[in-house]
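Heads up: the structure comes next, in structure tokens.
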Amino acid sequence: MSQSGKSILVFLEIKNLQISRISWEAMAAAHTLAEGLGLPVDVALVASSGNPIFQHIHGKRPRKVYAIDHTLLHNYTADGFTAAYAQLIQYAKPAYVVFPHTYQVRDFAPALAARFGQVLIGDVTAIEGGPEPVFVRQLLQGKLNGAYRHPGTGICFLSVQAGAFRADEAVHGETVLEAFPAKIDADRIRVRPGAPFRPSAQTVDLASAQILVSVGRGIKEEANIALVQELATALGAELAASRPICDAGWLPMERQVGSSGQTVAPKVYVAIGISGAIQHLVGMKASQCIVAINKDENAPIFEVADYGIAGDLFEVVPALTAAVRKAKG
Ligand SMILES: Cc1cc2nc3c(=O)[nH]c(=O)nc-3n(C[C@H](O)[C@H](O)[C@H](O)COP(=O)(O)OP(=O)(O)OC[C@H]3O[C@@H](n4cnc5c(N)ncnc54)[C@H](O)[C@@H]3O)c2cc1C
């Protein structure tokens, strides 16, 4: 079997017949690593090489795309994916293996890493690149950050938290497709494929909203949320919140953004009366454009904001809503 030399190998995941956004975020993380290490980035996914999904990879500039195919991979099982991915890793011999931190990856990636005598550095939120990269992950539900370094022998396996890297920062360019027919023995699959895992039913999917208007404790009372809802409606946005708002029952938990809520990366995130505590920031800092409205000009939210309005939200928000309505006619 041939080998491609040292590289960074990213395993992409398909969701609803598309490569998931978090997979592109994992690829952006791989490019951060690649810059410091001077290594090429390759990607792999389970699909036949004739699958039209590969058109979406051209332009994202992995050096190579491996199309892993086998009938026993058409329905996900941890045994099947572990066997196939292990074969590809033995073939491609990467120095780093990067996954999106999804439910599926949590299911099989630790076992895959263990096959190579390694641990999975899971749920990475930041990478300090360079010849000896440092991986940051949260501890104690976001109260502390831990910095991890790979000891240097063997392959480094890591998975990347949703929203921690920006999908649009995956580098663009040309690529080469290589079919990788996995060899899987049906007797080695110990479980029967079941229905794909779904997180608990949610009536609102904040992660796929293009614009979010998010409200924090600065709103003071439940009745005042209507003010922010009006802006959200004018913008065609979903309403989100910081934790105290959901803890108080003013908005349902499914609208909470942050380390113990949802991770989001919309095109626009408008933070209203939110201070910018780290547990909130980790859930929204990958947004493409952050607008913050806060009466305290030293509030930490302004450190991540692209646009900031230091002012009283009870004056600013109605004026903004009126301006949006006027602009939209
Ligand atoms: C384990 C753990 C997990 C957590 N998980 C999450 C999480 O998932 N999500 C989350 O959000 N938090 C989380 N938190 C809580 C987090 O630490 C903060 O307490 C919380 O984010 C603060 O919410 P806030 O910004 O709405 O409120 P505050 O910190 O009270 O900030 C309110 C802001 O409103 C501004 N303000 C007040 N009046 C006005 C006005 N009239 N006009 C304009 N601005 C005004 C103030 O200047 C202030 O900056 C977690 C904490 C822990 C310990």
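Each ligand, and each atom within it, is numbered from 1 in the order the structure gives.
Ligand 1 has no N or O atom lying under 3.5 Å from any N or O atom of Ala277, backbone or side chain. Residue Ala299 has no nitrogen or oxygen atom sitting less than 3.5 Å from a nitrogen or oxygen atom of ligand 1, judged on distance alone.
For Tyr307, the OH atom counts as loosely surrounded, since its 6.0 Å shell holds 12 or fewer non-hydrogen atoms of other residues, nucleotides or ligands. Within a 6.0 Å sphere centred on CD of Gln288, other residues, nucleotides and ligands contribute more than 12 heavy atoms.
Inter-residue side-chain proximity for Trp250 and Val215 is flagged as unmet; no heavy-atom pair is nearer than 4.5 Å.
Paired with Phe99 under the rule side chain to side chain contact (heavy atoms under 4.5 Å, CB included), one option of Val160, Val10, Leu112, Leu158 passes, and it is Leu112.
Residues meeting the salt bridge (Lys or Arg N to Asp or Glu O under 4.0 Å) test with Asp79, sequence neighbours left out: Arg190. With sequence neighbours excluded, the residues forming a salt bridge (Lys or Arg N to Asp or Glu O under 4.0 Å) with Glu230 are Arg325, listed by chain and number.
Here the shortest heavy-atom distance to atom 20 (C) of ligand 1, taken over Ala240, Gly218, Pro244, Gly261, belongs to Pro244. Heavy-atom proximity to atom 39 (C) of ligand 1, evaluated over Lys295, Gln256, Gln138, is greatest for Lys295. If you check each of Asn294, Asp247, Asp296 against atom 46 (C) of ligand 1, the one with the closest non-hydrogen atom is Asn294. When Lys220, Arg243, Glu297 are checked for heavy-atom proximity to atom 3 (C) of ligand 1, Arg243 turns out nearest.
Under the 3.5 Å distance criterion, the side-chain polar atoms of Ser23 are left unmatched by any main-chain donor or acceptor of Ile19.
For ligand 1 and Asp312, the ligand atoms under 4.0 Å from any heavy atom of the residue are 40 (C), 41 (N), 42 (N). In the vicinity of Phe314, heavy-atom distances shorter than 4.0 Å reach the ligand 1 atoms 41 (N). Near Gly311, the atoms of ligand 1 lying under 4.0 angstrom from a non-hydrogen atom of the residue are 42 (N), 43 (C). Less than 4.0 angstrom separates some heavy atom of Ser260 from each of these atoms of ligand 1: 3 (C), 4 (C), 5 (N), 6 (C), 7 (C), 8 (O). Every atom of ligand 1 with a heavy atom of Gly273 under 4.0 Å away is listed here by number and element: 26 (O), 32 (C), 33 (C), 34 (O), 44 (N). Counting the atoms of ligand 1 from 1 in the order shown, those under 4.0 Å from a heavy atom of Gly258 are 7 (C), 8 (O), 9 (N). Within ligand 1, counting atoms from 1 as listed, the ones closer than 4.0 Å to a heavy atom of Gly216 are 26 (O).
The closest approach between a heavy atom of Ala241 and any atom of ligand 1 is not below 4.0 Å. At least one heavy atom of Ser259 sits less than 4.0 Å from an atom of ligand 1.
Taking the six-membered ring for Trp and thresholds of 30 and 60 degrees, Tyr91 and Phe180 have ring planes inclined between 30 and 60 degrees apart. Using a 30° and 60° split on the angle between ring planes, Phe11 and Tyr85 fall in the parallel class, below 30°.
When heavy-atom distances to ligand 1 are checked against a 4.0 Å cut-off, Val257 comes that close only through its backbone atoms N, CA, C and O.
Side-chain atoms of Gln118 and His150 include a donor-acceptor pair closer than 3.5 Å.
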